[in-house]
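Right, one structure below, let's go through it.
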Amino acid sequence: METKIQSACETCEHFNRDGLKKLGVRTDNFDFVVALAGNPNTGKSTVFNALTGLRQHTGNWPGKTVTRAEGGFEYNTKKYKLVDLPGTYSLMSTSEDEEAARDFILFGKPDVTVIVVDANRLERNLNLVLQILEITDKAVLCLNLMDEAKRNDVEIDVRTLSRDLGIPVVPASARFNRGIPELIQTISEIASGKMVCKPHRIKSVPENIEKAVKTLTVEIEKEFPNISNSRWIAFRLLEGDKKIIEALRKGEFV
Amino acid sequence: MHTYNPISALLVFFSIGALLYFLFRPSKGWYWILKNQLTSNEKTIIEDVLKQLYHFENSNNKVDMKTLVHMLSFSNKKIVDAINIMTVNNLIYFESDILKLTEKGREYALRIVRVHRLWERYLAEKTGFHKIEWHDRAESMEHRLNHDEVEELSRHLGHPKFDPHGDPIPTKTGKMAQVKGVELPLLQVGAMGRITHIEDEPEVIYKQILAENIHIGSLIKVVENNVTRIVFLSEGEEFKLAPIVAANLTVAPLEKEILVEDNVTRLSSLTENETAKIIGISRESRGESRRRLLDLGFVKGAQVSIDLVNPLGEPNAYLIKGTSIALRNDQAAKILIKKD
Amino acid sequence: MKQNNIDHIIELSNELRWQIGDEFHDNLTESIYADAADIVKDTVRSKDSERRFRLDAKIDKIVTSKRFGFPIMFLILGTVLWLTIQGANYPSSLLANLLLDIIHPALKSGAAGLGMPWWLDGFLIDGVYLAVAWVIAVMLPPMAIFFPMFTLLEDFGYLPRVAFNLDALFNKSGAHGKQALTMSMGFGCNAAGVVATRIIDSPRERLIAILTNNFSLCNGRWPTQILIATIFIGAVVPKSLSSFVSLLAVIGVAVLGMVFMFGVSWGLSKTVLKGEVSTFNLELPPYRPPRFWKTIYTSLIDRTLIVLWRAIVFAAPAGAVIWLISNIHIGNESIAAWAIHSMDGFGFLLGLNGVILLAYIVAIPANEIVIPTILMLTVLVTGVGVGEGAGVMFELDSINATADVLKAGGWTLLTAINLMLFSLLHNPCSTTIYTIYKETNSVKWTVVASVMPVILGFIVTFLVAQLWRLMF
């Protein structure tokens, strides 16, 4: 980790309250696209509503947001379009939800991906987080449900977490609108390129797989020198992901 | 309503019902039988003959016309016709009265075997058909796919090496991985091994093995072996099989150096107030179900305990990585654990 | 050139995959979780790390216990249904009063004042307006009560526990425990029930839930059941028992619906849906106190109004059709009368009559208008002296008057019983059919979902009719 990551606490003071306008469903002429990803039951839709001022229905269920919801907000004269992706446990299976979420992050090329996690169940949630970080390096972690975590005596070292993951981490309780201003500020900094992330890449891969991945990555980078997620594409090729193979054939990664 | 009376109305109704039943009942309906008769043409017979010969030659058995006719469920005349065509086309030849495959015939047979096993693999990974049905469905599919379709299928499945029973799938060029191991009855008492193959024919025996809930990839230890029965331990349970049934299991004996996890049992045997560590997921769990279990956190090394016992017996809820996940017993039986 | 390189990469990946073997996915997932565990070890301190949080565990012990689990469940579902049916009575009659007794005559006289030709005013006001008004009056109040209550339970986190408790039953018929919830949702509205099947992430089980949702007696059909049971079934027992027996009959029909749901689920999973992929997993999420007003608001917007809007869109043309067939004459008979006469024979075989069959055909858009349509058509063919004229749907204020009209139409106890059965077992309303198409994206499954219940309805009513005639 060479890049210095600003922790969320440092950004609070910079937040410009007057610069914020929640736009609801009016998302025309936006400057940036923000994707909202996360496990089911992490309060993702609450974060979406808090950011956009919409009242999307949320259910205490996995698989609730099947249709993709969109909303928007304006901050410091820039317009952001927010896309709420289906809540999934992973991006590596072939269910409809997971493919929709995966495709949007991969091909939709959002300017920022906000990953919402449940602070009480961080370990389980990291499965999705680490997968997303293989695909995109413009991401921010929203550590939601901090109020519950506090009640349950769960303490999280935000600074270390941010360092380990290589992306900014914003603690929040979206139900009570806590942490949302900081989240918006962080989104804007990543979108504008002011903040650069150097995300964690999966480490504990067995040797034989790592070797295969390296071989493939080198070949992929030879062909597409500007690609940032060659390693992830290598993973998918080894898995035999038909959709990725097709996309590669058609050159959709350039 | 001049001619109406309830009884005649009911009679008409039930006769129509019965007719529909006999026409369309699953697999034995007249409609299906007729359809099969019409579609089982020369090609089907030739391919079935080739496959039979291939299997016999592989197990070093010799086949004459009589055994062949006996093995296949086609009329004598049709088989004789097919054999004639095959000899003319240089697929088989006679050595006195023994039938033999030519090089060309062998290649053709391998292709059929390839389709059959790929299709079984496809059924196992991408559909919800029960294991018992895989073989029969593959039997009819193997005659229907053309070369390009087979390659597409293989690509779709990621060019797999083995079918779900543990049989190797021949590659396009006829290359085939080796199944390691010997038939279970050949193991000595005390020997340990891993099940590498479960033969799916004859169906009667296969069904018996399925009923016992024996999984491919499981570690076993033989504790008794005599002419009447073979008893072995696997995943915390004891299995007793007749030798003829056990012979359908292929087991690769373990080499001494491999460290064997002791006391491996199935998650379904966990009781309340016990905790355990996950060792892995059995190979019986495939495709989408397996991925789902992994994504939910049932990975090697994870701590697991029972969170809630179901009032109806299943599914029970397991506490894994801080979340309560309910699994049915057949799923839990495929997760291997070591109790703390 | 470039294409060659890409083909080379793909070829290489195939070769490497062959070398790595089948365990790639397992290994990768394990690596990710290993990294996750590493990170968590550094950053999270928890005093009670692996245990679930205490209050949750306590609630769960009670709501899934052998002794209390099922009583609590039935109590909650019963209360929700009772509150819906009882609570909707008053606002429904208020709305009916407003829309049918005040606004409708006002519109009529307004149209007369404007000098609108009789056919235009009949078509628009008696046809389109009346159907829409009826749907709103009957549908809106129960849905506005049912959906918020259901959503509150959902947001609190209780519903996954219901799925947990009942899964074993559903498993036996090849279905998913979460179908218990989509089924309950169907008691409110089948279209909403079909949408709710999204929570089932296994393809086979989701299709089963979609195809069998129609067996849940929806809000649009409860009033029909209650009315017919009160008139015909309550009448055959002593007065003191009549309301109890008619209630029992309605509950019996609803339970019969569940029996069909289980039976058909089983049949589907063993036949046509055998090959669909089937997986199971059910997360029991932590309980979270719902935010009351917000939930009420969103469930009204998201579920009630959307479903209501769809129903209105479909009901409007139905109203027009009903008016047209009653008023367009071929020879000296209206289309309606002609259709009724030609279907009378088939209707008789099923223990029904042509009026009922025609009513169910034109009322495909909404079950709510079945009874008004039946009454109007009965008056049309019998010439009994009540009602508002050809093509004008109506309902009568007194149950006795309704009974008189129906009896004049030749109704017997058998007709009533079979109507109740047919009301349970017929095609879904067009809103639901449309929703099924949207959710499955398949014409085939939409057709199966629409045709299968009608065929079952024909078979069941036919058998009941023949046996009845043999016995009595």
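Naming: A, B, ... by sequence-line order, numbering from 1 per chain. Every heavy atom of this structure was used, including side-chain atoms; hydrogens, water molecules and symmetry mates were not.
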What distance do C/T29 atom OG1 and A/M92 atom CE have between them, rounded to the nearest 0.5 Å? 4.0 Å
Specify which of C/L16, C/I32, C/D35 makes the most heavy-atom pairs with chain A at under 4.5 Å. C/D35
With the threshold set at 4.0 Å, does a side-chain nitrogen-carboxylate oxygen contact exist between A/R249 and C/D7? yes
Once side-chain hydrogen bond (donor to acceptor under 3.5 Å, both in side chains) is applied, do any residues pair with A/T113, and if so which ones, sequence neighbours excluded? none
Here the gap from A/I244 atom CD1 to C/S13 atom OG, rounded to the nearest 0.5 Å, amounts to 12.0 Å
Hey, which of A/T215, A/I156, A/I202 has the most heavy atom pairs under 4.5 Å with chain C? A/I202
Which atoms of A/R236 approach chain C - backbone, side chain, both or neither, heavy atom under 4.5 Å: neither
Minimum heavy-atom distance between A/E239 and C/F24, given as atom pair plus value: OE1-CE2, 3.6 Å
Please check if any side-chain donor atom of A/D157 sits under 3.5 Å from a side-chain acceptor atom of C/T43, or the reverse. no
Residue pair A/V205 / C/N27, side-chain heavy-atom distance below 4.5 Å: no
As a test of understanding, state which of C/D38, C/D42, C/V40 forms a side chain to side chain contact (heavy atoms under 4.5 Å, CB included) with A/D164. C/D42
Using a 4.5 angstrom heavy-atom cutoff, name the option from A/R124, A/Q131, A/E134, A/H200 with the most pairs to chain C. A/H200
Could you walk me through whether C/R45 and A/D153 pass the side-chain contact (heavy atoms from CB on, under 4.5 Å) test, one step at a time? CA-CA 8 Å; C/R45 269 180 308 280; A/D153 288 331; over 6 Å; no
If we ignore angles and hydrogens, is there a donor and acceptor under 3.5 Å between the side chains of A/Y89 and C/E283? yes
Measure the shortest side-chain to side-chain distance between C/R288 and A/L145 over non-hydrogen atoms and say whether it is less than 4.5 angstrom. yes
Stepwise, does the side-chain contact (heavy atoms from CB on, under 4.5 Å) test hold for C/L28 with A/I209? CA-CA 9 Å; C/L28 188 58; A/I209 294 182; 5.7 Å; no
Do NZ/NE/NH1/NH2 and the carboxylate oxygens of A/R175 and C/D155 come within less than 4.0 Å? no
Residue selection (most heavy-atom pairs with chain C, distance under 4.5 Å) from A/K203, A/R151, A/K222: A/K203
Determine whether C/E30 and A/P206 make a side-chain contact, defined as any pair of heavy atoms from C-beta on separated by less than 4.5 Å. no
Pick whichever of A/N127, A/D118, A/L161 has the most heavy-atom pairs under 4.5 Å with chain C. A/N127
Atom CD of A/E246 with >12 non-hydrogen neighbours under 6.0 angstrom: yes
Here the pair of heavy atoms bringing A/L130 nearest to C/A36 is CD1-N, 3.9 Å
Between A/V129, A/T160, A/L216, which has the largest tally of heavy atom pairs under 4.5 Å with chain C? A/L216
Of C/A196, C/P203, C/P289, the largest count of non-hydrogen pairs under 4.5 angstrom with chain A goes to C/P289
